[in-house]
Amino acid sequence: MLNADPLVARPVLTNANLLSTAVEGIRLKAASSAEIWHLLTQNFTVDLDAVAALIPSEDPEPAWLTVRD
């Protein structure tokens with residue numbers, strides 16, 4: 001993370017149970033999954049792949065073209 005202050009130690013979440021508990025706690029405060037990512041990475045050092053497995057992707061619905069006859 002580019003804006004992280006290297007002089008401030010952040011807790012490391014390596015245990016999957018602790019990580020899921022932290023995500024659930026942050027989910028109560030955040031309005032979107034982007035805000036969950038932001039709050040989580042601001043407050044903790046985490047494995048981003050593990051977090052991605054816990055937070056579902058928010059892909060937009062595809063806009064399908066109408067069928068031509």
Side-chain angles (χ1 to χ4, degrees):
M1 191 163 154
L2 297 176
N3 295 329
D5 186 358
L7 300 177
V8 176
R10 292 178 292 167
V12 177
L13 292 178
T14 55
N15 184 323
N17 289 334
L18 293 176
L19 182 59
S20 64
T21 303
V23 168
E24 289 303 316
I26 290 173
R27 200 173 289 215
L28 299 174
K29 300 175 188 175
S32 67
S33 63
E35 194 173 345
I36 293 172
W37 276 98
H38 178 72
L39 290 171
L40 191 63
T41 55
Q42 282 291 337
N43 296 311
F44 301 101
T45 301
V46 295
D47 178 10
L48 297 178
D49 290 329
V51 175
L54 292 173
I55 299 175
S57 175
E58 290 184 1
D59 293 332
E61 286 292 321
W64 297 101
L65 298 175
T66 57
V67 177
R68 294 184 187 180
D69 289 327

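One is the number of the first residue; the rest follow in order along the sequence.
Side-chain heavy atoms closer than 4.5 Å link hydrophobic residues (I, L, V, M, F, W, Y) into clusters, and following such links, even through other members, never connects Leu19 to Val12.
Considering every non-hydrogen atom in both Ile55 and Arg27, the closest pair reads CG1-NH2, 4.1 Å. For Ala30 against Ile36, the heavy-atom pair with the smallest separation is CB-CG1, 3.5 Å. Heavy atoms only, all atoms of each residue included: Glu35 and Lys29 are closest at OE2-O, 4.2 Å.
The distance from atom OG1 of Thr41 to atom CZ of Arg10, rounded to the nearest 0.5 Å, is 7.0 Å. In this structure, Leu39 CG and Ile26 CD1 are separated by 5.5 Å, a value rounded to the nearest 0.5 Å.
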Tabulate below the donor-acceptor pairs under 3.5 Å that side-chain atoms of residues 44-52 make, not counting sequence neighbours, or state none.
unit_1: Asp47; atom_1: OD1; unit_2: Asp49; atom_2: N; d: 3.3

